[in-house]
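Below, chain A is the first sequence line, B the second, and so on; all start at residue 1.
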Amino acid sequence: MEFENITLTKEIPIATIQLNRPDVLNALNHRLLSELVFCLEQLDSDDSVNCVIITGNEKAFAAGADIKEMAEADTIDMLSRDSFSAWDRIRRIKKPVIAAVSGFALGGGCELAMMCDIIIASETAKFGQPEINIGVMPGAGGTQRLTRAVGKYRAMEMILTGGMMSAGDAAKSGLVNRVFPVELYLEEAKRLARLIASKPPLAVKLAKESVLKSEELSLKDGLEFERKNFYMLFSSEDQKEGMKAFVEKRDPRWKGK
Amino acid sequence: MPEFETVRVAVENGIGRLTLNRPDSLNAFSEKMTTEIQTVLKSFSADKGVRCVAITGTGRAFSAGQDLKEISPGRSFADSLKRRYNPIIRQITGMEKPVVALINGVAAGAGMSLALACDFRIMSSGAKLIQAFVKIGLVPDSGSSFFLPRMVGYAKAFEFAALGSEVSAEEAMRLGIVNRVFPDEKFADESEKILTHFANGPTRAYSLIKKALKHSAESSLEESLEYEAYMQEIAGRTEDAREATKAFVEKRPPDFKGK
């Protein structure tokens, strides 16, 4: 697949996908999303890559869905296009995905960032769900993920007013992991990606899966799920190597097996 | 640059000058003037040719603060501050270059606040600073309640704000509110030297210094140490830092380009 709307850069063992429609503040059209999902799925099965970054540019991570694409649509059009099904596939990516956000992360852009596992922001980042201002509401996870991230009351205000949250406030609210100056946010995201990529890949995947399950399961079921994943790792070579290296006081050498 | 009614604007030799120009009203802030100040600061901020901003007043005053003739009953003070004054204070503190207040005469109320928001203050020996708000039953605004206690401590800040008394140039200097005081006859020339120095300095470093100091006002030591490391990383990659390091080795003065 030739990419027109995204740019993929591999710096093994990490990969960076840059959303690349700068003229329209990276508005997420159908084509861009297809490319993004395709690319993520390829990277998920690429053994040389252990961690993925999704980023935009300094001005915009992504300023929302492409409004022009849906302005004239009716319910049946929206149902038959079912463009949000692409978003569901992002959720099934097993490797850790980091959002490196600068500038606007609005609407679908905010929802895309929230679909990632970690959010690194520049000081200029602004998050918001402004759908209310154009007569609709968030449709790609905003009401669910924002509420889980910042709590009911802050989420409600953001979604009902369409207002934006600064990077600093987003960090205080738990929506963002770390904030860096705009000159450095992407490098710092890559540093974090390399750190995660240096960990045993199977354990990373199962840990990510377990954390995500906590959003869906009761505590009892979540604990059981966690325990099974924990036990499962004892059939991996990396578990043997990791614990042996710990006892021998040396650095482990991971195989991803 | 459009035509202005209440301010004068000039850009030369890397210095952007904003002169408050309603001398008959002691350069009091009218609705028109606050709008024009915002416009000018926005253009200075975007203009790469401006590497230092100077704010001063014509006539006897720097600025007497809000024009009281424009205060009408029923108007919202909060709205006026949020729309007219607060953006100016943010423009000054967020300006990625040094902003110097040349306090040529009295700076009262929001006029004093404007001066306090600047990065460097040069005061004429006959000028006065007055937290005049309390005299009309009001309280410090436009950043004074933030800047003043950080400069002089709570006790003095309360005194100035609650008594509305005049602060002389000598006292302002002693308390660390202003950076330089010059007698009237030397004020223009000495100020010019300082503006020229900033306009030929490492502009990016100045802006990072501003960011770091602003950051420290709301940070712990640990956070400041970490933030400093980032600021230094960014500064270290600028052309000016490379040039200055080279110049140091070659034992010559650096030629800063502001990049």
Legend entry - Distance (rounded to the nearest 0.5 Å) between A:Phe127 CZ and A:Asp169 CG: 11.0 Å

Inset, instruction - Decide yes or no for A:Leu175 and A:Leu146: does some side-chain heavy atom of the first lie under 4.5 Å from some side-chain heavy atom of the second? - result: yes

Inset, instruction - Measure the spacing between CG of B:Leu208 and CD of B:Glu96 and express it to the nearest 0.5 Å. - result: 8.0 Å

Inset, instruction - Would you please go through residues 245-259 of chain B and name the residues with a non-hydrogen atom below 4.5 Å from one of chain A, in numerical order? - result: none

Inset, instruction - Report yes or no: do A:Thr9 and A:Thr16 form a side-chain donor-acceptor pair below 3.5 Å? - result: no

Legend entry - Sole residue of B:Ser145, B:Ser144, B:Ser142 in side chain to side chain donor-acceptor pair (under 3.5 Å) with B:Ser113: B:Ser144

Legend entry - Six-ring centre of B:Phe146, B:Arg150 cation under 6.0 angstrom, axis tolerance 45°: yes

